[in-house]
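Chain A is the first sequence line, chain B the second, and so forth, proteins listed ahead of strands; every chain is numbered from 1.
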Amino acid sequence: MTVRSRFAPSPTGLLHIGGVRTALFSWLYARRHHGVFILRIEDTDRERSTEEATQVILDGMEWLGLSHDEGPFYQTRRMDRYAEVIQQFLAAGHAYRCYCTKEELETMRARQMAAKQNPRYDGTCRARTTPRAGVDPVVRFRNPLEGSVVVEDVIHGNVAFDNAQLDDLIIARSDGSPTYNFCVVVDDMDMKVTHVIRGDDHLNNTPRQINMLRALGATPPVYAHVPMILGADGAKLSKRHGAVSVLQYREEGYLPEALLNYLVRLGWSHGDREVFTRAEMTELFDIRDVNKAASAFNPDKLLWLNQQHIMRATPELLARYLKPQLAALGIVVDDDARLAGVARALQERAKTLKEMAQNGLFFFTELQGYDEKAAKKNLTAEAVRPLTLVLEKLQALTDWRAAAIHDIVNLAAAQLQLGLGKIAQPIRVAVTGTSVSPPIDVTLENLGRETTLARLQRALDYASRH
RNA sequence: GCUCCCAUCGUCUAGAGGCCUAGGACGGAGCCCUCUCAAGGCUUAAACCGGGGUUCGAAUCCCCGUGGGAGCGCCA
């Protein structure tokens with residue numbers, strides 16, 4: 001049997017970290033078992049669904065490389081099919097028309113709550129055979145009255161629900177439009193979904209869905225209800241936690257693989273391993289090993305993982321990602337090889353690509369003066385001699401490579417009997433404007449001969465005056 | 001209120017009755033390396049929610065509390 005899993009977000013809010021984690025687990029499961037991954041957009045709520053949210057889902061999934069094999073399917077385009085099944089249910093007696101008004105239902109609920117009972121539809125219209133004038137009926141599923149439903153969940157084990165606790169849920173509104181739980185059931189059946197991996201906030205919906213599936217004569221899929229992700233403060237993830245949309249992580253310079261790596265480790269682990277490539281995740285992840293408890297989102301660890309992935313990435317790949325980050329800062333770089341060189345120099349010292357772009361700014365733009373503190377400390381009269389000597393030696397250098405530059409700086413230090421810091425720091429401030437950069441030889445190599453010499457000369461002038 | 005779910009360092013987790021003096025990771029503290037910043041290495045503080053059982057033995061199994069979460073919509 002081919003595994004068929006799906007991710008079925010509703011575009012009523014922007015896709016966030018929690019949704020992505022569910023998508024990831026579902027995707028990993030399909031990939032691991034060489035199955036099919038389906039993307040379905042649950043947009044039956046036309047009021048709240050937005051085009052933007054749909055686009056974020058599509059773009060986000062693509063950015064993360066969570067590719068789907070089928071879909072995206074849109075529920076709004078399957079209305080005829082839902083209507084058909086509703087008729088089928090009605091004809092078979094699995095559903096009935098209910099003429100209770102919203103007001104009546106509300107009073108009933110209030111009464112039940114007051115009597116400390118589980119608020120549920122009392123079945124008034126179950127046996128009704130005639131319409132009620134002036135009321136557009138809804139359609140309700142005739143849930144079994146007795147017995148229990150056992151959800152065989154891969155993560156939670158067997159969870160039993162008494163049918164007596166469930167009620168006859170509405171499957172079609174009075175305007176005829178189908179509702180969520182019903183659409184899910186029809187879709188999962190039609191799309192031959194074998195594994196439903198979703199947030200455990202849906203665990204309570206599952207017995208109803210199973211009952212409908214059975215009424216349809218379908219075999220319920222395997223369920224895996226994964227725990228939710230909480231905000232860093234342990235509270236439910238919401239807009240308050242900053243991460244509005246996954247795409248924000250792209251903007252902030254996170255590598256898709258790093259985000260996925262972080263997410264997969266929430267609720268799952270493999271020995272003492274922390275860093276996983278996408279391929280390793282696919283190979284090692286097992287939905288059965290997923291925890292039951294919710295976990296809090298930890299931005300620091302995500303940042304650390306991002307750095308780990310940046311360090312392991314090829315400079316060429318980083319260069320590709322760096323381009324839009326630099327563009328955001330108003331800089332366009334055409335020289336891919338040079339950009340890769342810069343990325344190589346910076347990849348051990350940036351937690352995000354955004355940070356990397358900022359740190360690498362001096363390679364591509366004119367210096368906007370020196371950092372005050374750095375200049376005050378390093379571009380002094382004391383620095384004139386070492387800077388002069390290094391400038392002379394560099395002017396004579398034809399083989400502009402890190403190794404040769406390294407030798408020159410060391411030689412100059414030895415000649416002047418100065419510690420390396422006394423010579424490297426002034427150079428650093430001279431060419432970068434700040435006291436922080438990659439190793440000085442690597443920095444100069446990537447900066448290029450002309451720029452280096454010009455900046456050294458300029459710093460020398462500055463130092464002479466201070 | 002009713003139903004369901006969950007519970008190990010601040011956080012993510014290892015732990016499927018003795019291997020636990022509870023391991024790893026992020027973050028914190030300290031040290032080393034060092035031309036800066038990083039990276040890396042080493043050291044260190046830090047947890048089994050509480051109470052009852054079961055057992056020779058419990059973080060692990062059972063029960064009851066407590067705390068957190070979800071559902072109970074003509075929302076998804």
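- Atom name P, nucleotides C63(B) and A76(B): the rounded distance is 37 Å, in whole Å.
- When distances run from any side-chain atom of Leu203(A) to the nucleotides C26(B), C4(B), C35(B), the shortest one goes to C4(B).
- Side chain of Leu420(A), nearest nucleotide from C37(B), C35(B), C6(B): C35(B).
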Problem set entry | Test log, rule side-chain hydrogen bond (donor to acceptor under 3.5 Å, both in side chains), inputs Asp200(A) and His225(A) | CA-CA 4 Å; Asp200(A) 65 11; His225(A) 288 94; over 6 Å; no
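- Among the nucleotides G24(B), C5(B), A76(B), the one closest to the side chain of Glu42(A) is A76(B).
- Dashed line: the shortest gap from a side-chain N or O of Gln307(A) to OP1 or OP2 of A39(B) is under 4.0 Å.
- Rounded to whole Å, the C1' atom of C26(B) lies 34 Å from the corresponding atom of G65(B).
- Under the side chain to side chain contact (heavy atoms under 4.5 Å, CB included) rule, Val184(A) has a single partner from Arg198(A), Arg208(A), His202(A), which is Arg198(A).
- The same atom, C1', is picked in C9(B) and in C20(B); the two are 15 Å apart, to the nearest Å.
- Closest contact between the side chain of Arg428(A) and the listed nucleotides C12(B), U36(B), A76(B) involves U36(B).
- By the 4.0 Å N-to-carboxylate-O rule, Arg278(A) lies too far from Glu280(A) to be salt-bridged with it.
- Distance from the side chain of His156(A) is smallest to C5(B) among A39(B), A25(B), C5(B).
- The side chain of Asn204(A) lies closest to G71(B), out of G71(B), A76(B), C26(B).
- Between the side chain of Glu274(A) and the base of G24(B), at least one donor-acceptor pair of N or O atoms lies under 3.5 Å.
- For the C1' atoms, the distance from A14(B) to U8(B) is 10 Å, rounded to whole Å.
- Taking the P atoms as reference points, U13(B) lies 15 Å from C6(B), given to the whole Å.
- The listed nucleotides are C35(B), A76(B), G73(B); the one nearest the side chain of Ile170(A) is G73(B).
- For C37(B), its base never sits under 3.5 Å from the side chain of Ser437(A) at any donor and acceptor pair.
- A donor-acceptor contact under 3.5 Å is not formed by the side chain of Arg120(A) with the base of C72(B).
- Checked against A38(B), C35(B), C12(B), the side chain of Arg265(A) finds its nearest nucleotide in C12(B).
- Distance noted for atom P between C72(B) and U54(B): 42 Å (whole Å).
- Comparing C19(B) with U60(B), their P atoms sit 13 Å apart, to the nearest whole Å.
- Tyr262(A) and Asn298(A) share no donor-acceptor pair across their side chains, judged by distance under 3.5 Å alone.
- Of the charged side-chain nitrogens involved, none lies within less than 4.0 Å of a carboxylate oxygen, so that Glu106(A) and Arg109(A) do not count as a salt-bridged pair.
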